[in-house]
Amino acid sequence: MRPSYITLSSAAPGVLRGFYEALGLVVSREGPGALICFSLGPLTLALYPAEALSAELGVALPQGGLGRTLISLNVDSAQEVDAWMARAQAAGARITRPAERAAWGGYRGYFLDPEGNPWELVFNPRA
């Protein structure tokens, strides 16, 4: 088994689409039910309208990003973390913890997308 999709339940997929496009991601596919997909290497980031995803799962999903899954993106250098953090902020992200050296030897920062989904940008020199 391997992960293939990260699906975010979105109140406004069009708004999130604009945010992720401003980060430099390119839509790789659009599907039924206003599904919007971006390629993240071997993974796909999917934005799915909250009500449609709730109906598909058969359960009401909580609204708002905090308290849900943290998504970490590993990059190749501390400079790349800084560049992505700046790009995220310029696209409308809320920086919750500026990039800094981590006690374990890496370098990371955190932000929330416009719907409050938490993201980590990280460089791990041992990975």
Side-chain angles (χ1 to χ4, degrees):
M1 278 187 2
R2 64 176 173 76
S4 57
Y5 272 74
I6 298 168
T7 302
L8 298 180
S9 167
S10 175
V15 172
L16 280 188
R17 176 187 184 146
F19 173 77
Y20 289 112
E21 286 178 330
L23 280 180
L25 301 182
V26 176
V27 172
S28 59
R29 179 170 76 82
E30 294 184 57
L35 176 72
I36 302 166
C37 297
F38 299 91
S39 177
L40 296 175
L43 292 173
T44 296
L45 172 63
L47 307 178
Y48 206 27
E51 60 279 353
L53 186 56
S54 289
E56 185 167 322
L57 295 173
V59 63
L61 295 171
Q63 297 300 307
L66 289 177
R68 295 192 293 183
T69 302
L70 170 67
I71 304 165
S72 298
L73 297 177
N74 289 286
V75 296
D76 294 327
S77 69
Q79 295 79 14
E80 208 173 331
V81 170
D82 289 335
W84 276 102
M85 291 290 287
R87 185 183 276 172
Q89 188 168 30
R94 182 175 138 224
I95 305 300
T96 60
R97 188 169 182 181
E100 63 185 359
R101 293 265 169 234
W104 47 266
Y107 187 78
R108 46 69 176 130
Y110 298 92
F111 69 87
L112 301 178
D113 74 14
E115 288 194 11
N117 295 296
W119 288 82
E120 175 188 43
L121 287 165
V122 62
F123 165 62
N124 183 344
R126 294 178 289 219

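As the structure is a prediction and not an experimental result, all values here were calculated from the model.
The side chain to side chain donor-acceptor pair (under 3.5 Å) search around Arg101 returns none, not counting sequence neighbours. For Ala22, the side chain to side chain contact (heavy atoms under 4.5 Å, CB included) partners two or more places apart in sequence, or in a different chain, are Ala91. When the side chain to side chain contact (heavy atoms under 4.5 Å, CB included) test is applied to Ala46, the partners found at least two apart in sequence or on another chain are Tyr5, Thr7, Leu35, Cys37. In this view, Ala34 and Pro49 satisfy the side chain to side chain contact (heavy atoms under 4.5 Å, CB included) rule, not counting sequence neighbours.
Taken from CG in Asp82 to CZ in Phe123, the straight-line distance is 12.0 Å, to the nearest 0.5 Å. Atoms OG and OH, on Ser10 and Tyr48 in that order, are 12.5 Å from each other to the nearest 0.5 Å. Going from atom CE of Met85 over to atom OH of Tyr107 covers 8.5 Å, rounded to the nearest 0.5 Å. Taken to the nearest 0.5 Å, the CZ atom of Arg94 stands 15.0 Å off from the OH atom of Tyr110.
Residue Val122 belongs to a hydrophobic cluster whose other members are Trp104, with links defined by side-chain heavy atoms closer than 4.5 Å.
Ser9 approaches Glu115 most closely through the heavy-atom pair O-OE1, 3.9 Å.
The list of side-chain hydrogen bond (donor to acceptor under 3.5 Å, both in side chains) pairs with a residue in residues 30-45, not counting sequence neighbours, reads Arg17-Glu30.
Aromatic ring centroids of Phe111 and Trp84 lie 6.0 Å or more apart.
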Please walk me through it: do Leu8 and Asp113 pass side-chain contact (heavy atoms from CB on, under 4.5 Å)?
CA-CA 11 Å; Leu8 298 180; Asp113 74 14; 4.0 Å; yes
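A distance-only check finds no donor-acceptor pair linking the side chain of Glu21 to the backbone of Val26 [under 3.5 Å]. No donor-acceptor distance shorter than 3.5 angstrom exists from the side chain of Glu120 to the backbone of Leu73, with no hydrogens or angles considered.
Cluster membership for Leu112 and Val15, using ILVMFWY side-chain heavy atoms within less than 4.5 angstrom, is not shared.
In summary, of the residues considered (Leu45, Asn117, Ile36), a side-chain contact (heavy atoms from CB on, under 4.5 Å) with Leu16 occurs for Asn117 alone.
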